[in-house]
Structures are given as structure tokens and as C-alpha cells.
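Here is the naming used below: chain letters follow the sequence lines, and residue numbers restart at 1 for every chain.
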There are 2 protein chains.
Amino acid sequence: MTSGRTADDELRERLVEAADDLFYARGIQAVGMDAVREAAGVSLKKIYALVGSKDELVVAVLRRRARALQEALEASADRAGDARAKVLSVFDFLDAWFCEPGFRGCGFINAFGELGSTTPAVADAVRRQKAAFREFVTELVVAAGGTPQAAVQIALLAEGAQTTAAISGDPHVAREAGAAAATLLDAATPATV
Amino acid sequence: MTSGRTADDELRERLVEAADDLFYARGIQAVGMDAVREAAGVSLKKIYALVGSKDELVVAVLRRRARALQEALEASADRAGDARAKVLSVFDFLDAWFCEPGFRGCGFINAFGELGSTTPAVADAVRRQKAAFREFVTELVVAAGGTPQAAVQIALLAEGAQTTAAISGDPHVAREAGAAAATLLDAATPATV
DNA sequence: TACGGTAGAGAACGATCGTTCTCAGCGCAA
DNA sequence: TTGCGCTGAGAACGATCGTTCTCTACCGTA
């Protein structure tokens, strides 16, 4: 029941997950490879055999986090009722996420701020995730009868909510952002009465 | 014509400005004290006499940046016409800032993402600046007849615009954010016709 | 004019880091 | 059963870092 997964695949998954936890909690450069080795229970020799370098580990972490986020957002949208509710489900998801212990803002924004100008592969991975998020929001907004411009604005609210929640420690900014998103969506959607 | 400024004050100003440029361009941990020494033209001995430690230098940089931002926002608001225009002047300011060469997002968000969980003094300095910004926006919005809730939402747009512009490289997100802010402000302000 | 004290330059110290190298153990084949 | 080759653990290497220490030079006072 391994469906093509080798022992190395499982080691890599354990490694990337352990690194993700540490990088997200403390910042990437504050975490040495020895700490990753200890948290993952994988030797340095094996780590470098699996990922090649610390930079490649960071990129693998960002990719894993991007997939998890996309899946969670899609699951949240799937649970929502009509098209308008699907748009606002983004903020329901953020609301739940911000209240989680260990929440420390957007891992992509943090990584970009720390390494974005010195590590092109990190900058690229972050740009891709943000482009995917914007596209996801645009699809939802357009499906709800809104405009691409409204989608951009709603995505900006979601981005602003993430850094504000992390810095202020107020997890309820997602609700404020959601309320603003509802206002913008309704303003951009012709009434259908 | 020194108005109480000593040679040390001027050295400190030069030091903090040089450090600010380097930290903002590359990330704080990517810049060693030797690079700061070279850029500022101040010896290490003198640097440690002036600021005490690298962490204190970082905090001094954040405080300097906070003052500069507050002054620029206030100057932009002063130049605006009526109360509503003053609210939107925030986005005019952001629009101009995002187009500057060397723009790399919000220095506070970057610093928080990198050091916020390991250096309490950095986290505190960032929280104070964001609280001051929110208060500034609230004053403008309330003066324009809007609600504190609208102010929170407008501040979220400004925050979202900063990270989005940095990551996407699109400097015009400030205009989109401004348009959204106008919509939210108008929706929160009773019509006075 | 000379001596003593203080301030400051930058080399050096001790620590940490990313990555590699050495050695040992295990597995497979003859 | 033995020998060889390959994989992997973690110590070590070389580099970088924040901070301190040593030495020199300058200034002030007697």
C-alpha cells in the first residue's frame, strides 16, 4: 500500500515537514541544518542526498506549503454554499487558520522578506504561490458575478489580513477582511433582484 | 548650527541609515556587521559604542524607518484636499513608494517575518509601528465620516498592497487598493446629498 | 615639552553554520 | 563463508559571524 512511494519518499516527506515546522516557527536562517537533522531524525548525509542543499530544502518546504494551502482553500470553497459564499469562504479559512496555535503569518511572505532578494529560487516559489492564490480568488469572484478588478482587491484584503493578524496578534482581522470583501463583491456585482 | 547634535549623533545617524539600506535590500541576517562598518565608514569599536549590539542596531533602524514613514504619510495627507482625499492620499503615497527603485516591500513586515519570533525587541518595534499606522488611518477615516471598522478594512488594504507589490513586482496594486478603499469608505459614509 | 590616559581601528577570538569527508557496517555475490 | 562495494552517521572542515581585545595615536594637563 505504498502506491509507488519508496522509503526515500517517506524520508523526504518527514524531512520537509520537520524543516517546515522549524522554518515557520523561527525564521529560515535561524534554523541550522543540525536542528533540522535532529527534528527529522534523518542524518546530514541523507539530507543532502535527498535535497542537495539548504536552499533546495527551503524551496521544497515552500512547494509543500503551497500545495497544502491550495488544497485547504479548495476544500473550504467546496464546503461553501453558493458562489458568493465560496468567495467569502477564503476568509472563513483564514479565520480558522489565524486562531491556530503557532500561527506566525504567511510562510511565503516571511520567506520572501528574509530571503527574497538573495535567493532567486525562493523568490520564484513565493511568486508562483501568490499568483496561484490570485488566480484561485479570481475564479471564485468571476463565478460569483464579480469583476477581475474586484478579485484583485479581495486578494489584497486576504494578504493584508495575514500580516496584520501575525503582527497584531488579533486573530479576528479575518472577519474584518471578510466583511470588506463582501462589501467589495456586492459593489462589483450587479444586483439580480 | 548643530542644535544640540554632537559628532556622535551624526555618526549614529550615518550608521543607522547605512544599516537601514543594507538590511532592507538584503535581509537583516544576510548583512554582517563588517558590511555595515564598511557602508557607514564607522569602525566596529565605535559602532558597538553607539548601539551596543546588532539587535539594538536593528531596533534603531526600525524606529528611524517608522518616523520617516509617519512623516511622509502626514505630509501626503497635508497635501490632500478634503477629508476623503486625505484618506486616499495613503494610497497615493504607497503608489509613489512602490514605483521607487529598490522597493522591497514593507521593512517592518520583512523584519517581523525574519526575526519576529526570536527577537522580542524587533517584534515590539514592528507592532508599535503598525499600531501607529492603524491609528493614523483611523483618524483620517473618522474625520472623513467613516467608521473605525472601515478604517481597519482600509488599513488591511494598505498592508496587503505592500506585500503584493513587493512579491508580484506590480507597482500599480496601490491604485487597486486605493479604489477598493474608496468603495469601502463610501459604503461606510452616510451620503450627504 | 613630556607623560599619562582615553578613545578608537581593525585583527582576532570563540561560536555557529553549510557542506564534505572519513570510517564503519551491512548486504550481496562469488 | 569471505571479500568487496556501497550507503549512511556524524565529526570535521573551512567560512562567516557578532563581539571583544590589543595596540596605537592623539589630546590634555602639568
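The number of heavy atoms from other shown groups lying within 6.0 Å of CD (B/Glu74) is above 12. Counting heavy atoms of neighbouring residues, nucleotides and ligands inside a 6.0 Å radius, atom CD of A/Glu13 exceeds 12 of them.
Within residues 114-124 of chain B, no residue places a heavy atom under 4.0 Å from DNA chain C.
A/Asp124 and A/Arg127 are not joined by a salt bridge, as no carboxylate oxygen comes within less than 4.0 angstrom of a charged side-chain nitrogen.
At least one test fails for B/Arg79 against the ring of B/Phe93: distance under 6.0 Å to the centre or angle within 45° of the axis.
No donor-acceptor pair under 3.5 Å is formed between the side chain of A/Ser76 and the backbone N or O of A/Ala72.
Tested against B/Phe108 for a side-chain contact (heavy atoms from CB on, under 4.5 Å), the candidates B/Arg128, B/Gln162, B/Lys130, B/Glu159 yield a single pass: B/Lys130.
For residues 90-102 of chain B, the pairs satisfying salt bridge (Lys or Arg N to Asp or Glu O under 4.0 Å) are B/Asp95-B/Arg175, with sequence neighbours left out.
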Interface polar pairs with nucleotides 18-23 of chain D, N/O, under 3.5 angstrom:
unit_1 : atom_1 : unit_2  : atom_2 : d
D/dG18 : OP1    : B/Lys54 : NZ     : 2.4
D/dG18 : OP2    : B/Met33 : N      : 2.6
D/dT19 : OP2    : B/Tyr48 : OH     : 3.1
D/dT19 : OP2    : B/Lys54 : N      : 2.8

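There is no path of hydrophobic side-chain contacts, each under 4.5 Å, that joins A/Val142 to A/Val152.
Rounded to an integer number of Å, the gap from B/Arg37 CZ to D/dC17 P is 12 Å. Here the C1' atom of nucleotide C/dG8 and the CG atom of B/Leu50 are 11 Å apart, to the nearest Å.
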